[in-house]
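Please read the structure below before turning to the comments.
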Amino acid sequence: MIRLSRALERTKSSRGRLDKERALADAFALIGRDSLDEDSAGSLRVAVRLATGAVTASAPIGVGFSLMQEVIIAETGWDSEVVRACSRTCGDMAEAFGLLMQRVRGADRRSGVSLSDVARTFELLAQASSRAHKRRHLDELFHRATPLEAKYLAKVILGSLRTGALEGVVENAIARAFAQPLEEVRRAATLVTDPGELAVLARDGRLAEASMSIGAPVAFMLATPIETVATTLSPAQWTVEDKYDGVRAQLHLHDGEAIVFARGLERVTETFPEVARAAAERGRGRTFAIDGELLAVGEGDKPRPFMALQQRLGRKAPTAATLAATPVAFIAYDLLAIDGKILLEFPLADRRALLAELTDALDCPEIRLSPSTPLLDALDPLDPLETDALSEPTPELDVAEVARRLDGAFAAARGRGHEGLVLKRNDAPYEAGRRGQSWLKVKRAFATLDVVITAAEEGHGRRAGVLSDYTFAVWRDEGDARALVNVGKAYSGLTDVEIDDMTRRLTALTLGRYGGARLVRPEIVLEVAFDGLQRSKRHKSGFALRFPRIVRIRTDKTAEQADDVATVEKLFASQVGAGHREEGEAKTRGRGRRGMTEKGETTRQLGLFGEEK
DNA sequence: GTCTAATCTCTCC
DNA sequence: GTCCGACTCATTCGG
DNA sequence: CCGAATGAGTCGGACGGAGAGATTAGAC
């Protein structure tokens, strides 16, 4: 573990990615070749997993901020105030742990822990259910660890390694360490879910053995967001599909057993029993692996927003009532393998054709084919001239014209209740695990709204020392008085200069006064962009902006804000439906000041509303 | 002792 | 999921 | 022809709301 910790330290301090890669490669080579442990393959497996920030191959260990803080207090002997203050200064609790550990007598002369110790402890943690048991396992581990080891173990456990090297760099490092072609490593990485296993295959020169098999998940192919079409896009080569507001999933049928894999590649079959049952029953005697989206459907098979689906997510054994209340359909849009044949290298057009045959044969409402249209058709389906042009070989369309017509197609998709559009290249293979240029998701500029800053929190990590996460509000007229109503939060979209400026203004007024201060800077007005509204439990007004970001800051401009509440309410009504408003408000109860976020660390509410407790 | 509320962690988007 | 900035690598530009 | 400037592409790391499930703390 000490070797790995040193390598991670070196990785963290070097700026260039190539340097990081070399540091990791050296460590992997050393650990994989002649580990201090008898089991060098096992050590390599653990080392590589830790380097990518993963604790175990699959099971979560159920240790987070709170428990880790307890351990740090116990291990270093400092009280929670010191630990918190130190974390705030470092911007990272694990970093603080390392520093405080150095001052523990004899800690730097400890022999340290082995990688197999670490692996064993993590396994025990994953199995342990009670907090007390977890605590015991953690104490045992950290009591033997050196300060450097403790720091990196804590980083991994807290999920923020921040060395500037994750999967991509680690894959390069594996290739370098064991002199394997990078392409081979990358290819295998999309098929082997555990990076540790990948490293062992590379070390033994067995990368070629990695192949897709039905029943084992493949990394999902992702789409690159675009605002408008690129100049080079030739419409005839592309197909359009609606972009669904659901959960990405893979549906495998192998040996009569249907398995559903979620985005993180873990099994969620029990969560969606109706889909699995349909696959098993209707697909009897066949094998396949379909890529698609789990979508909540309502009356008349209308798609429902993600919020509805969320009530099904994470349910280990949904009750009949839940299944009935939130029916789900698997919308199939790609075929990765069928009847033993792997299709990843096939062009999309061929995969789609086979998929259509399959869904046709399955013929059930739980598994449906996602409609797809040639881009030329989708651009202007109502224009008969264009339909004629289809029969012509590669009709030419001006880029601006394509972009303009894409707007119409986009609006049509929204009209069908979907999130937007995805463009896919007909001749592209399935690029597992990559966010390539073969799939493009079309996004639109967000609507904007002027709001007022009412609170800010201290940032952590790279944002340590500045205020971030601004809570904002709009004005509401109440008789003669005007009140501010919280509507949401934003945390990015500011340049450094703007953050500094904002920090100065806010710091001067609010820092040192937190703890219930209801101070507001109404003259600081932000223009916030957002892509929709959601009902919110956290905000008193009962809704929140979804994915807000700050577009622009202005000051001393409050007079024009009077209509903002009306604007929000109108948008809210159109997004969520007027009927939900009361429900949202009734259910909503301010959580009050928690002092810390889930991640804990150093975030504090600095200024708050009078309305909130 | 039992029931309920709060807290914590994880993981979808 | 969104967004931003840093880094790499390839291409173009200018002396 | 070669080095500097530029641009595209990739990657990592800042973060959000929300719900479920497990455990623990608290109320009666």
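Just so it is clear: chains get the letters A, B, ... in the order the sequence lines come, proteins before strands, and each one is counted from 1. Predicted model, so just to flag it, every value in this text is computed and none were measured.
Comparing atom distances between the A:P60 side chain and each of B:dC8, B:dT11, B:dC13 picks out B:dT11 as nearest.
In this view, A:K134 and A:V63, A:L67, A:L125, A:A128 satisfy the side-chain contact (heavy atoms from CB on, under 4.5 Å) rule, not counting sequence neighbours. Partners of A:F261 according to the ring-ring contact (aromatic ring centres under 6.0 Å, His included) rule, which considers only residues two or more places apart in sequence or in another chain, are A:H252. Scanning for side-chain contact (heavy atoms from CB on, under 4.5 Å) contacts around A:V55 gives A:I61, A:F122, A:V156, with sequence neighbours left out. Every residue meeting the side-chain contact (heavy atoms from CB on, under 4.5 Å) condition with A:L182, not counting sequence neighbours, appears here in chain and number order: A:N172, A:A175, A:R186. With sequence neighbours left out, A:Y244 forms a ring-ring contact (aromatic ring centres under 6.0 Å, His included) with A:H418. Listed by chain and residue number, A:L148, A:K151, A:Y152 satisfy the side-chain contact (heavy atoms from CB on, under 4.5 Å) test with A:E9 (two or more places apart in sequence, or in another chain). With sequence neighbours left out, A:K155 forms a side chain to side chain donor-acceptor pair (under 3.5 Å) with A:D92, A:E95.
At the heavy-atom level, A:T163 lies under 4.0 Å from the strands shown only through sugar-phosphate atoms. Among the heavy atoms of the strands lying under 4.0 Å from A:R186 are primed sugar atoms or P, OP1, OP2 only; no base atom is included. Counting non-hydrogen atoms under 4.0 angstrom, A:L18 reaches the backbone sugars and phosphates but no base.
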Distances under 3.5 Å between protein N/O atoms and the N/O atoms of nucleotides 20-22 of chain D, please, pair by pair.
unit_1: D:dA20; atom_1: OP1; unit_2: A:R315; atom_2: NH2; d: 2.7
unit_1: D:dA20; atom_1: O3'; unit_2: A:G314; atom_2: O; d: 3.2
unit_1: D:dG21; atom_1: OP1; unit_2: A:K316; atom_2: N; d: 3.2
unit_1: D:dA22; atom_1: OP1; unit_2: A:K316; atom_2: NZ; d: 3.4

Under 3.5 Å, which protein N or O atoms sit close to an N or O of nucleotides 1-4 of chain B? Give each pair with its distance.
none

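The side chain of A:R162 contributes an N or O atom lying less than 4.0 Å from OP1 or OP2 of D:dA14. Between A:R17 and C:dG5 there is no side-chain polar atom (N or O) within less than 4.0 angstrom of OP1 or OP2.
Note on A:E70 versus A:R131: salt bridge recorded, some NZ/NE/NH1/NH2 to OD/OE distance being below 4.0 Å.
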